[in-house]
Number of protein chains: 2
Amino acid sequence: MPRTHKRKRFKKVVTRIPVSGQRMQMQDIANLAGVSTSTVSRALSHSSLVNDETRTRIAELARSHNYSINIGARNLRLQHSRTVAVVVPYDVRTRQHISDPFFVSMLGSLADALTEQGYDMLLSRVDAERLDLVAQLEASGRAIGVILIGQWHHHDQLNELANRKVPLVVWGARLPRQTYCTVGSDNITGGLLATQHLIETGRRRIAFFGDPELPEIGQRYEGYQRALKHHGIPLDARLVVAAEFSEGSSRRAVDALLEKKIVFDGVFASSDLLAMRAIGALREKGLIVPRDVGVVGYDDIELSQYFHPSLTTIRQPILKGGEALVNALLALVANKALSSEVLPTELVVRESSAPSPAPP
Amino acid sequence: MPRTHKRKRFKKVVTRIPVSGQRMQMQDIANLAGVSTSTVSRALSHSSLVNDETRTRIAELARSHNYSINIGARNLRLQHSRTVAVVVPYDVRTRQHISDPFFVSMLGSLADALTEQGYDMLLSRVDAERLDLVAQLEASGRAIGVILIGQWHHHDQLNELANRKVPLVVWGARLPRQTYCTVGSDNITGGLLATQHLIETGRRRIAFFGDPELPEIGQRYEGYQRALKHHGIPLDARLVVAAEFSEGSSRRAVDALLEKKIVFDGVFASSDLLAMRAIGALREKGLIVPRDVGVVGYDDIELSQYFHPSLTTIRQPILKGGEALVNALLALVANKALSSEVLPTELVVRESSAPSPAPP
DNA sequence: CCATTCGTTGCAATCGTGTGCAACAAACGA
DNA sequence: TCGTTTGTTGCACACGATTGCAACGAATGG
């Protein structure tokens, strides 16, 4: 650390000699402008305490020497990092979920919303079994709070984090006895709309693909049940297949149904990815969508419209979701009221659920 | 700022009174352990200068009060942020590219590689027209360097950044007269493999979808040309359609070919997304893939295997790519040699290019 | 002519941590 | 017994910025 020694020798020296290649700092600009660092600081933060002429001169100097203020030092002084951590839980075994296109779009939406508010975004993958580590992101001052994408089955750990007063907002389902704040879509209505649509297009034996143990999926399943009940269709437990997000799961789900000779004419898949894989598996078995089986997915990821057949699905409001997550976190940090938020969902009708032509 | 005032009054006080709700800091741990902050600092950084018994006692105290060290302050002192900025250029008009699944997978791979090396990842979207702003990420000390995903047509701006000594590594093509460092896949060989494969499966009139003005695409196009030449197939400029990444582009490309009655039996699309859209557009026109037209994509995104027909494509080494980008940046920051890197690509054969059955 | 106000600037303390140097006790050797 | 070494710890300053307070000249008012 050569500079350390230099500074020591001169001790009370005011005129810092900018070593070439060394990063510019406020003192350098101050020297160039013939003022103190106080004035430079005030000028660059548009304080009204500084003369207009001085301000513009300093601003000009700063720009022409492409000086930019040291964020770390400023944050330390201001006790504020203007940074939000976005965490994607990471399952060491499957590694599957960060690649879910839905989460990814959410990432983009978050990036926009945060930029809009002038915040930086720190992206972390955290081992899902060590979710307690996210507390460090805030405790270490790296970020003012955490947005977690992917509730999964970590309800208890998330509650514990919230109880430890970690500023935390989760994308997911609102659950009973939850102390953390969630933002999510209306999964029950979503499930209901999807199932209802399949019923209205003439299906009666509708399978559900997804793991109802996961909160969000559970609520979609709830909507599925309500729709069936409303139309007087009895629930057949054999039609509920706990397909996960992992790769071969949909295929196995379809296989299981077919092998047991369980008849079905509709599938409500709890994500678009699952739906696409299911359609592929069905096709392998010689079943054509939508002629033999109507399929509805969930998420409305970008590829759903290019898929063949294009996918009927429940659109989650990604843009609004990102904004809502950010707003919720900022409110939480500011100690404002922390009510969880449920955003509306919408049915998007495409080819995969087209009514099968009436049998001749 | 209540604490500021408190501290002022007591001035030389050593025993900081931890206000409830206030964040723990090193001084608090020091008080609890009855030592100075120096010792705590050394203990937590595993310095050999501290007694073993003292170290474990301090470590225990820190853990039980879940104290974690203030990263900002440490970074300021150490003059090092252990953070890498990952930038995705952002086209205000199209907004399209961050959603490309390939970039997204790269993001995941980068997150892994950085975590592995103990670095944080700062994710930014930057207006593609203001790429000069990425210099600030480093100049402000937010990050030690920048990894940029998406070279696009910004060659000159990137060169300028590199000339300004901004530590920068770009995912993209290696170009002549380039002063910045790139990591990318072997696009020429990729394009060659793809085209060769279409030729070997019996196609002769092979269209190219993509904008050869973009460096990576241009190199894939170069490979396309070489393959044609090698097999003695004349290049037909009308078969080259500068489809962009935006939505309707593939459709228009297909429409353009068909309207002009230009015959073709193969398509090499310069990305999987483009390929999928092209297949959809072909289907709308009554052309079946692979029977009437063989299609090969590029990237091997996850969905390619679930698409129908499953997509023959050129796999880009995403995992290795992320590692290579990170290694390159770290080397660059350490002033090591900065050679651009070209990673091998691989042909993945699936259904979309299956040889059409010999006409009876 | 002096007191006061106003506009502008600088001094110095501060944010939380790391580390060179000195201090100090215990152990050791002569 | 005393100097030297060794192991452990604390003091004080530095990292690069912000800001309360004081200072100071000019303008203003009485």
Side-chain angles (χ1 to χ4, degrees), chain A residues 1-14 16 22-31 33-55 57-58 62 67-81 139-142, chain B residues 1 3-14 16 18 22-31 33-55 57-58 62 67-81 139-142:
Chain A
M1 270 165 230
R3 185 195 288 174
T4 301
H5 290 141
K6 281 224 171 73
R7 305 268 275 174
K8 214 162 218 168
R9 291 232 320 260
F10 295 106
K11 197 62 182 299
K12 279 296 176 187
V13 141
V14 181
R16 201 184 83 96
Q22 200 80 53
R23 207 195 305 296
M24 272 273 169
Q25 53 187 236
M26 204 170 260
Q27 183 66 249
D28 301 322
I29 302 295
N31 294 343
V35 296
S36 71
T37 59
S38 316
T39 304
V40 175
S41 171
R42 284 191 269 252
L44 294 181
S45 61
H46 303 290
S47 159
S48 62
L49 280 178
V50 62
N51 185 294
D52 282 348
E53 188 273 334
T54 316
R55 188 213 319 291
R57 186 161 46 95
I58 291 175
Y67 162 76
S68 53
I69 204 164
N70 184 308
I71 301 283
R74 157 188 247 157
N75 287 344
L76 176 58
R77 180 60 233 247
L78 296 182
Q79 299 287 294
H80 191 296
S81 67
S140 68
R142 243 185 293 245
Chain B
M1 269 168 233
R3 186 195 284 173
T4 302
H5 291 141
K6 280 223 172 75
R7 306 267 274 173
K8 216 163 215 168
R9 293 231 322 259
F10 295 106
K11 195 64 180 300
K12 279 293 175 187
V13 141
V14 181
R16 202 184 82 96
Q22 202 79 55
R23 206 192 312 294
M24 273 272 169
Q25 53 187 230
M26 204 171 259
Q27 184 69 61
D28 300 320
I29 302 294
N31 294 343
V35 296
S36 72
T37 58
S38 315
T39 305
V40 175
S41 172
R42 284 191 269 253
L44 294 181
S45 62
H46 304 290
S47 160
S48 63
L49 280 178
V50 62
N51 185 294
D52 282 348
E53 188 272 335
T54 315
R55 187 213 321 290
R57 186 161 45 93
I58 290 174
Y67 162 77
S68 53
I69 204 165
N70 184 308
I71 301 281
R74 158 188 247 157
N75 287 344
L76 177 58
R77 180 62 235 245
L78 296 182
Q79 298 287 292
H80 192 299
S81 68
S140 68
R142 244 186 293 245

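Proteins get letters first, then strands, A, B, ... in listed order; numbering begins at 1 in each. Heavy atoms only: backbone and side chains are in, while hydrogens, waters and symmetry mates are out.
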Checklist line | Heavy-atom donor-acceptor pair, B/R55 side chain to B/S47 backbone, under 3.5 Å | finding: yes
Next item on the list: Quick one: label B/S47 by what it contacts on the DNA or RNA (base, sugar-phosphate, nothing), any heavy atom closer than 4.0 Å.
Entry: nothing
Notebook entry, point to check: Looking for any heavy atom pair under 4.0 Å, which part of the strands does A/T39 touch: base, sugar-phosphate only, or nothing?
Noted result: sugar-phosphate
Checklist line | Distance in Å, A/T54 OG1 paired with A/L49 CG, rounded so as to fall on 0.5 Å steps | finding: 12.0 Å
Margin query: Using a distance-only criterion (donor-acceptor N/O pair, under 3.5 Å, no hydrogens), is the base of D/dC11 paired with the side chain of B/S36?
Written below: no
Check: Below 3.5 Å, does any donor atom in the side chain of B/R77 face an acceptor in the base of D/dG16, or the other way round?
Finding: no
Note to self: Between P on D/dA17 and CG on B/L76, what's the gap in Å once rounded to a whole number?
What the structure shows: 9 Å
Note to self: Strictly below 4.0 Å: does B/Q79 bring a side-chain N or O up to OP1 or OP2 of D/dC15?
What the structure shows: no
Check: Once you round it to whole Å, what is the distance between P of D/dT18 and CZ of A/R74?
Finding: 5 Å
Margin query: Categorize B/T37 for me: base, sugar-phosphate, or nothing, with a 4.0 angstrom heavy-atom threshold over every strand shown.
Written below: nothing
Notebook entry, point to check: Is the backbone N or O of A/A33 less than 3.5 Å from a side-chain atom of A/R57, with the two atoms forming a donor-acceptor pair by type?
Noted result: yes
Next item on the list: Could you check how far CG of B/N75 sits from C1' of C/dG16, rounded to whole Å?
Entry: 12 Å
Item checked: B/R42 side chain, from C-beta outward: closest of C/dG18, C/dG20, C/dT17 -> C/dG20
Margin query: Please report the distance, rounded to the nearest Å, between CE in B/M26 and P in C/dT17.
Written below: 5 Å
Next item on the list: Using heavy atoms to find the nearest nucleotide of DNA chain D for B/L49 and A/L49 separately, return the residue whose nucleotide is more 5′.
Entry: B/L49
Check: What is the nucleic acid contact for B/V40, judged by heavy atoms within less than 4.0 Å: base, sugar-phosphate only, or nothing?
Finding: nothing
Checklist line | Closest approach of B/H80 to B/N75 (non-hydrogen atoms, all atoms of both residues) | finding: O-OD1, 2.9 Å
Notebook entry, point to check: When the distance from NE2 of B/H46 to C1' of C/dT19 is rounded to whole Å, what number comes out?
Noted result: 17 Å
Check: A/Q27 has an atom CD; how far is it from atom P of D/dT18, in whole Å?
Finding: 13 Å
Notebook entry, point to check: Taking CD from A/Q25 and P from D/dA17, how many angstroms apart are they, rounded to a whole number?
Noted result: 6 Å
Notebook entry, point to check: Does B/N51 make a side-chain N or O approach to OP1 or OP2 of D/dT8 shorter than 4.0 Å?
Noted result: yes
Margin query: Within the 4.0 Å heavy-atom criterion, would you say B/I69 contacts the bases, only the backbone, or no part of the nucleic acid?
Written below: sugar-phosphate
Next item on the list: Check B/S81 against B/G141 and note the closest heavy-atom contact, atom names and distance.
Entry: CB-O, 3.6 Å
Check: Nearest of D/dT19, C/dT19, D/dG10 to any side-chain atom of B/V35?
Finding: D/dG10
Note to self: For C/dG18 and B/S45 - does any side-chain N or O of the residue sit under 4.0 Å from the phosphate oxygens OP1/OP2?
What the structure shows: no
Margin query: For A/M26 versus A/L44, what's the shortest heavy-atom pair and its separation?
Written below: CE-CD1, 4.5 Å
Check: Which residue, B/S41 or A/V50, contacts DNA chain C at a nucleotide closer to its 5' end, judged by nearest heavy atom?
Finding: A/V50
Check: According to a strict under-4.0 Å criterion, is B/Y67 in side-chain N/O contact with OP1 or OP2 of C/dT17?
Finding: yes
Check: So does B/S38 reach the base of D/dT9 with its side chain, donor to acceptor, closer than 3.5 Å?
Finding: no
Next item on the list: Return the value, rounded to whole Å, for the distance between atom CD1 of B/I29 and atom C1' of C/dG16.
Entry: 13 Å
